[in-house]
Amino acid sequence: MLKLDDPSLMKTQSFINNEWLSNKQTFSVFNPADNNVVAEVNNDSSAEVEQAIGAAKQAQKTWAKKTAIERSDLLMAWYQQVIEHKDDLAKIMTLEQGKTIKEATGEIIYGAKFIQWYAEEAKRVAGETLPTPSNDRRIAVIKQPIGVVGMITPWNFPSSMITRKAAPAMAAGCTLVSRPASETPLSALALAELALRAGIPKGVFNVVVGKDSKAMGEVLTRHPDVAKFSFTGSTAVGKKLLEQCASTVKKVSLELGGNAPFIVFDDADLDDAVAGALASKYRNSGQTCVCANRLLVHASIYDAFAEKLAKKVKQLKVGNGWDDDTAIGPMINHQAMLGVHQLVTDAISQGAELLTEAQTPNEHSNFYQPALLKNVTTDMSLAKEEIFGPVAPMIKFESEQQAIDIANDTRYGLAAYFYSRDIGRCYRVAEALEFGMVGINEGVISNPMAPFGGVKESGIGREGAHDGIEEYLETKYLCLGGIE
Ligand SMILES: NC(=O)C1=CN([C@@H]2O[C@H](COP(=O)(O)OP(=O)(O)OC[C@H]3O[C@@H](n4cnc5c(N)ncnc54)[C@H](OP(=O)(O)O)[C@@H]3O)[C@@H](O)[C@H]2O)C=CC1
Ligand SMILES: O=C(O)[C@H](O)CS(=O)(=O)O
């Protein structure tokens, strides 16, 4: 039984116009660790999304008229609420997503720091005056909020993927309708409760929840009152939603899938590289878009690296997210776990060698033992697809250029990592990699101060840094005549 310091944070209704609305229809939310039902949540669909858009539209002009300092203070109040309740929020996340309580707490703090960061950035939105082209006129540029924002987010980071969008949008003067993944609605609804307690005005932050993601997405991507759409999720779904947004030429931000190379050169610090690979690959049970997805290791250190990493992987304890010594929690659901196992068995059937314990999935369990495979080749699905699970394939390379070519041979371009202590190589490789983010001698690089995002089919736009608030602003050019 979940014991919260503040049980009123467990919300199951839709949050529209600062009101909790009941719905006759509900859907079940499950605990991935044991597949038990943990809550019955409102099953909204198109009507509720329309209602939420109406509330956001009604509120937007008033919210935008607040000064940047007023919005900043309200966002900081929200930040303080989230930090004050971080332990309860982490428990709710572990309950519905399965990640370890340590990782859940880390995510709550990470997500809160986007609210803190954009509370500060709200005060740094500036236009400019430009040299006049003639003495009878003056020209200037101002920045204005885009308007109502629709957003859809995934289950793997059910709190921070929301604040990474909502905070800059609200800081810029936008209002929004958030639709979280149906696997993890509780974290989103708890954030809404804390926004209410922080004094965020009605209609600014709305959360609709439901199983019919397609129907809800149709409204958010096609409604004429939604000026901006922001999505985080798979590339396949992102492409569909981008097409749907074309109907009303919405501004769009997409944070999509990844296939991160993790390159270990012969001059790397081997122990650092092993530690970096372990952190990058296996956090959140490998269910992050920026996880190392392919380990590219120079031939001269391939066996030594494999031996060191295999030893560490075997020490990772699989278990319930509540247990302090658990390193790997359950995967989000059985289908996801079977998909990962299929990639492993397929690779082994083509000659890859499993360096960790062989396993046969239990038909009632979502747990998967962390795995490491060597002798993986680039033609295997395990090397080409986004694994999204605790499995690391090792690919051997002979030269720097070959490593770069293998790394770039993907339609994805989100994160990439490499380990080298040669400064010339660091510059050459960092510049040659076709990815939006590059970790150099680091395996975990996400933070609110940096622009997070990808190139190619990993997305459009950036979240975090000052870039993140620009995604929710329009640029307006003013030309003032009659000066002379
Ligand atoms: N770049 C980034 O920052 C991140 C990228 N991702 C990527 O997301 C994927 C894993 O997350 P996952 O949730 O499985 O991704 P999905 O793309 O399946 O789902 C993401 C969200 O989109 C919703 N959705 C699914 N289909 C539709 C549709 N047709 N119309 C509208 N909404 C839809 C889902 O709702 P529901 O689940 O209720 O169906 C969920 O809320 C991976 O590829 C990962 O790389 C994940 C996190 C961060
Ligand atoms: O994969 C994701 O969902 C997150 O973007 C990963 S991170 O921001 O925590 O690195």
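In what follows, residues are counted from 1 in the order of the sequence shown. Excluded from the calculations below are hydrogen atoms, water molecules and symmetry mates; all remaining heavy atoms, backbone and side chain alike, are included. Values in this document were obtained by computation on a predicted structure and should not be read as measured data. Order of listing sets the numbers, starting from 1, for every ligand and every atom in it.
Close approach to Phe452 involves these atoms of ligand 1, each under 4.0 Å from a residue heavy atom: 3 (O). The atoms of ligand 1 that sit less than 4.0 Å from any heavy atom of Leu241 are 30 (N), 31 (C). Residue Arg164 has at least one heavy-atom neighbour below 4.0 Å for each of these atoms of ligand 2: 5 (O), 8 (O). Distances below 4.0 Å separate heavy atoms of Ser446 from the following atoms of ligand 2: 7 (S), 8 (O), 10 (O). Shown in contact with Gly257 at under 4.0 Å from a heavy atom are these atoms of ligand 1, numbered in order with element: 43 (O), 45 (O). Atoms of ligand 1 lying under 4.0 Å from any heavy atom of Phe231, numbered from 1 in the order shown and given with element: 17 (O), 20 (C), 21 (C), 22 (O). Per-residue contacts place Thr232 under 4.0 angstrom from the following atoms of ligand 1 (heavy atoms of the residue considered): 2 (C), 3 (O), 4 (C), 5 (C), 20 (C), 47 (C), 48 (C). Taking every heavy atom of Asn156 and a limit of under 4.0 angstrom, the matching atoms of ligand 2 come to 1 (O), 2 (C), 3 (O). The Ile152 neighbourhood of ligand 1 comprises atoms 21 (C), 22 (O), 23 (C), 31 (C), 32 (N), 41 (O), with distances under 4.0 Å to a heavy atom of that residue. Within ligand 1, the atoms closer than 4.0 Å to a non-hydrogen atom of Glu255 are 1 (N), 2 (C), 3 (O), 4 (C), 5 (C), numbered from 1 in the order shown. Atoms of ligand 2 found under 4.0 Å from any heavy atom of Thr288 (numbered from 1 in listed order, with element): 1 (O). The atoms of ligand 2 that sit less than 4.0 Å from any heavy atom of Val290 are 6 (C), 10 (O). Remark: ligand 1 atoms within the under-4.0 Å shell around heavy atoms of Asn156 are 46 (C), 47 (C).
Ligand 2 does not have Glu107 within reach: every non-hydrogen atom of the residue lies 4.0 Å or more from it. For Met437, the closest heavy-atom approach to ligand 2 does not fall below 4.0 Å. In this structure, Phe157 does not count as a contact residue of ligand 1, since none of its heavy atoms falls inside 4.0 Å of the ligand. For Arg164, the heavy-atom gap to ligand 1 drops under 4.0 angstrom. Under the 4.0 angstrom criterion for non-hydrogen atoms, Gln287 is not in contact with ligand 1.
For the atom pair Thr221 OG1 and Ile152 CD1, the distance stands at 7.0 Å (nearest 0.5 Å). If you take CD on Gln287 and CD on Gln97, they are separated by 6.0 Å, rounding to the nearest 0.5 Å. Leu89 CG to Leu194 CG: the interatomic distance, rounded to the nearest 0.5 Å, is 5.5 Å. Interatomic distance, OG1 of Thr163 versus CZ of Phe157, reported as 11.5 Å (0.5 Å rounding). Interatomic distance, Met10 CE to Asp88 CG, rounded to the nearest 0.5 Å: 10.5 Å. For the atom pair CD1 (Ile115) and OG (Ser160), the distance works out to 10.5 Å, reported to the nearest 0.5 Å.
Residue Leu414 touches ligand 1 through its side chain alone, judged by heavy-atom distances below 4.0 Å. Under 4.0 Å from ligand 1, the heavy atoms of Glu183 that appear belong solely to its side chain. When heavy-atom distances to ligand 1 are checked against a 4.0 Å cut-off, Glu386 comes that close only through its side chain, counted from C-beta outward.
A salt bridge is absent between Lys165 and Glu255: the closest approach of a Lys/Arg side-chain nitrogen to an acidic carboxylate oxygen does not fall below 4.0 angstrom. Comment: Lys102 does not engage Asp324 in a salt bridge, judged by the lack of any side-chain N to carboxylate O separation of less than 4.0 angstrom. The pair Lys456-Glu434 meets the salt-bridge criterion, with a side-chain N (NZ, NE, NH1 or NH2) lying under 4.0 Å from an Asp/Glu carboxylate O. Using a cutoff of 4.0 Å between basic side-chain nitrogens and carboxylate oxygens, Lys228 and Glu471 are scored as salt-bridged. Taking 4.0 Å as the cut-off between side-chain N and carboxylate O, Glu103 and Arg283 do not count as a salt-bridged pair.
For atom 44 (C) of ligand 1, the nearest protein heavy atom (residue, atom name, distance) is Phe388 CE1, 3.2 Å. The protein heavy-atom contact nearest to atom 38 (O) of ligand 1 is Ser182 OG, 2.6 Å. If you check which protein heavy atom lies closest to atom 8 (O) of ligand 2, you get Tyr110 OH, 2.7 Å. The protein non-hydrogen atom at the shortest distance from atom 34 (C) of ligand 1 is Arg179 NH1, 3.7 Å. Counting only heavy atoms of the protein, atom 2 (C) of ligand 1 lies nearest to Cys289 SG, 3.0 Å. Of all protein heavy atoms, the one closest to atom 6 (N) of ligand 1 is Gly233 O, 3.6 Å. Counting protein heavy atoms only, atom 1 (N) of ligand 1 is closest to Leu256 O, 2.6 Å. Protein heavy atom at the shortest distance from atom 40 (C) of ligand 1 is Thr153 O, 3.5 Å. Looking from atom 14 (O) of ligand 1 to the surrounding protein, the closest heavy atom is Trp155 NE1, 3.1 Å.
Using cut-offs of 30° and 60° for the angle between ring planes, the Phe114 and Tyr118 rings count as parallel. Aromatic ring orientation, Tyr368 versus His341: perpendicular (interplanar angle above 60°, classes split at 30° and 60°).
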Lys239 vs Glu243, test: salt bridge (charged side-chain N to carboxylate O under 4.0 Å, His left out). Steps then yes/no.
CA-CA 6 Å; Lys239 287 180 176 178; Glu243 278 179 30; over 6 Å; no
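Under the 4.0 angstrom criterion, atom 19 (O) of ligand 1 counts as lacking any protein heavy-atom contact.
Heavy atoms from other residues, nucleotides or ligands lying under 6.0 Å from NZ of Lys113 number 12 at most. Surrounding CD of Gln315 are more than 12 heavy atoms belonging to other residues, nucleotides or ligands, all under 6.0 Å away.
Polar contact with ligand 1: present for Ser234 (N/O pair, distance under 3.5 Å). Taking distance alone, with nitrogen or oxygen atoms compared against 3.5 Å, Met161 stays at or beyond that limit from ligand 2. For ligand 2, one of its N or O atoms has an N or O atom of Arg283 under 3.5 Å away. Checked against a 3.5 angstrom limit, the closest N/O atoms of Thr235 and ligand 1 fall outside it.
Note: Phe388 and Trp155 meet the aromatic proximity criterion, with ring centroids under 6.0 Å apart. Residues Tyr419 and Phe262 bring their aromatic ring centres within 6.0 Å.
At least one test fails for Lys251 against the ring of Tyr472: distance under 6.0 Å to the centre or angle within 45° of the axis.
Looking at Phe305, Tyr417, Phe397 one by one, the single match for ring pair (Phe, Tyr, Trp, His ring centres under 6.0 Å) with Phe265 turns out to be Phe397.
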